[in-house]
Amino acid sequence: MTATLLDGTAIAGEIRAELSDEVAEFIENNGVTPCLAAILVGQNPASQVYVRSKRKACEQVGLESVLHRLPEDVPQDDLLALITRLNRSSDVHGILVQLPLPPHIQAARILDAVHPLKDVDAFHPDNVGRLAQGRPRFLPCTPHGVLQILHRGGVPVAGRHVVIVGRSDIVGKPLALLLLAKDSPLGPQSANATVTVCHSRTSDLAQITRSADILVAAVGQPHCITAEMVRPGTAVVDVGVNRTPEGLAGDVDFAAVRELASHITPVPGGVGPLTVTMLLHNTLAAARLQMVA
Ligand code: GUN
């Protein structure tokens with residue numbers, strides 16, 4: 001059996017078309033264009049690519065974006081002062097600080113400084129706490145992208161065993177919280193999973209991954225999920241974006257795993273386009289929240 005391809009580019013296109021209409025309606029009703037402020041510190045090549053693609057996507061759906069570029073050696077207090085200014089600006093609805101930050105900056109202090117109502121990455125402890133309690137304000141972008149790709153790809157999660165490999169604050173942990181919840185904005189079929197989170201210290205990883213109905217790879221190591229780790233008929237979502245000498249590679253050995261999975265996401269063209277799209281969704285949601293705040 002060859003897996004059905006879950007085409008993230010096509011699904012992101014569908015959602016962006018819906019968002020374009022919602023943004024136009026918002027502007028018509030409020031006379032305000034929602035605006036995302038992105039902060040990029042230093043010259044990290046991957047970060048520059050991500051920020052460029054986020055801004056381009058904003059433009060596609062009719063959102064405004066502004067980019068604040070700061071030098072690699074910017075003092076932490078200058079970065080905090082910029083965030084304070086953006087928090088206070090009524091022209092800015094969402095604030096995104098592109099990670100990673102240089103080592104002299106305490107990332108937690110920076111992320112804590114973003115106003116929770118403008119926190120479109122959902123990294124602020126207030127928003128993480130709300131997610132853990134099942135009353136999210138913003139859904140974190142990559143986990144939300146995974147839910148969307150499964151939902152629109154016809155893969156229900158309720159009652160099924162989802163194994164997540166990776167426990168990061170950006171993907172593994174918040175995705176586990178979303179899947180564990182009793183409901184989701186996409187309906188209860190996109191929640192109510194039985195969730196196992198595996199990591200670098202998990203014993204007998206392959207035995208656990210082989211028990212998955214849905215396997216999510218969010219490790220950051222090219223091709224580390226091999227065919228032996230996947231039971232035939234599993235739906236496989238690859239969140240990995242690894243730069244290798246041969247180009248972009250996912251965490252999954254795509255060529256081998258596609259022969260036995262029921263569904264699979266490619267890299268590139270899988271979860272990546274959804275992550276950016278869910279950021280647009282959150283920017284509009286942030287603008288809506290600020291109209292009533
Ligand atoms: N760096 C890698 N992923 C992300 C993300 O989702 N948001 C931000 N701000 N930085 C990142």
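For ligands, and for the atoms within them, numbers begin at 1 and follow the listed sequence.
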task: Please write down residue, atom name and distance for the protein heavy atom closest to atom 3 (N) of ligand 1.
output: Ile170 CD1, 4.1 Å
message: Looking at Asn282 and Phe138, would you say the former's side chain and the latter's main chain have a donor-acceptor pair under 3.5 Å?
response: no
- prompt: Should the proximity of Leu99 to ligand 1, defined as any heavy atom under 4.0 Å, be assigned to the side chain, the backbone, both, or neither?
  reply: both
field: side-chain contact (heavy atoms from CB on, under 4.5 Å) between Leu19 and Leu284, intermediate numbers included
entry: CA-CA 8 Å; Leu19 273 172; Leu284 175 60; 4.1 Å; yes
statement: Between the CG atom in Leu36 and the CD1 atom in Ile95, the distance rounded to the nearest 0.5 Å is 9.0 Å
field: Residue, atom name and distance, where the atom is the protein heavy atom closest to atom 8 (C) of ligand 1
entry: Asp121 OD2, 3.5 Å
- line: When distances are taken from atom 11 (C) of ligand 1, the protein heavy atom at minimum range is Gln98 NE2, 3.4 Å
- request: Of the side chain and backbone of Thr275, name the one, both, or neither that has a heavy atom under 4.0 Å from an atom of ligand 1.
  value: neither
- request: Could you check Leu111 against Leu99 for side-chain contact (heavy atoms from CB on, under 4.5 Å), going step by step and ending with a plain yes or no?
  value: CA-CA 10 Å; Leu111 300 179; Leu99 302 178; 4.3 Å; yes
task: Report yes or no: does a heavy atom of Tyr50 sit under 4.0 Å from some atom of ligand 1?
output: no
Qualifying residues under side chain to side chain donor-acceptor pair (under 3.5 Å), relative to Glu72, sequence neighbours excluded: none
- request: Evaluate the side-chain contact (heavy atoms from CB on, under 4.5 Å) criterion for residues Arg85 and His68: first the C-alpha distance (whole Å), next the side-chain angles of each, then the deciding distance (0.1 Å), finally the verdict.
  value: CA-CA 12 Å; Arg85 182 157 69 77; His68 295 267; 4.2 Å; yes
field: Heteroatom proximity flag, Val97 to ligand 1, N/O under 3.5 Å
entry: yes
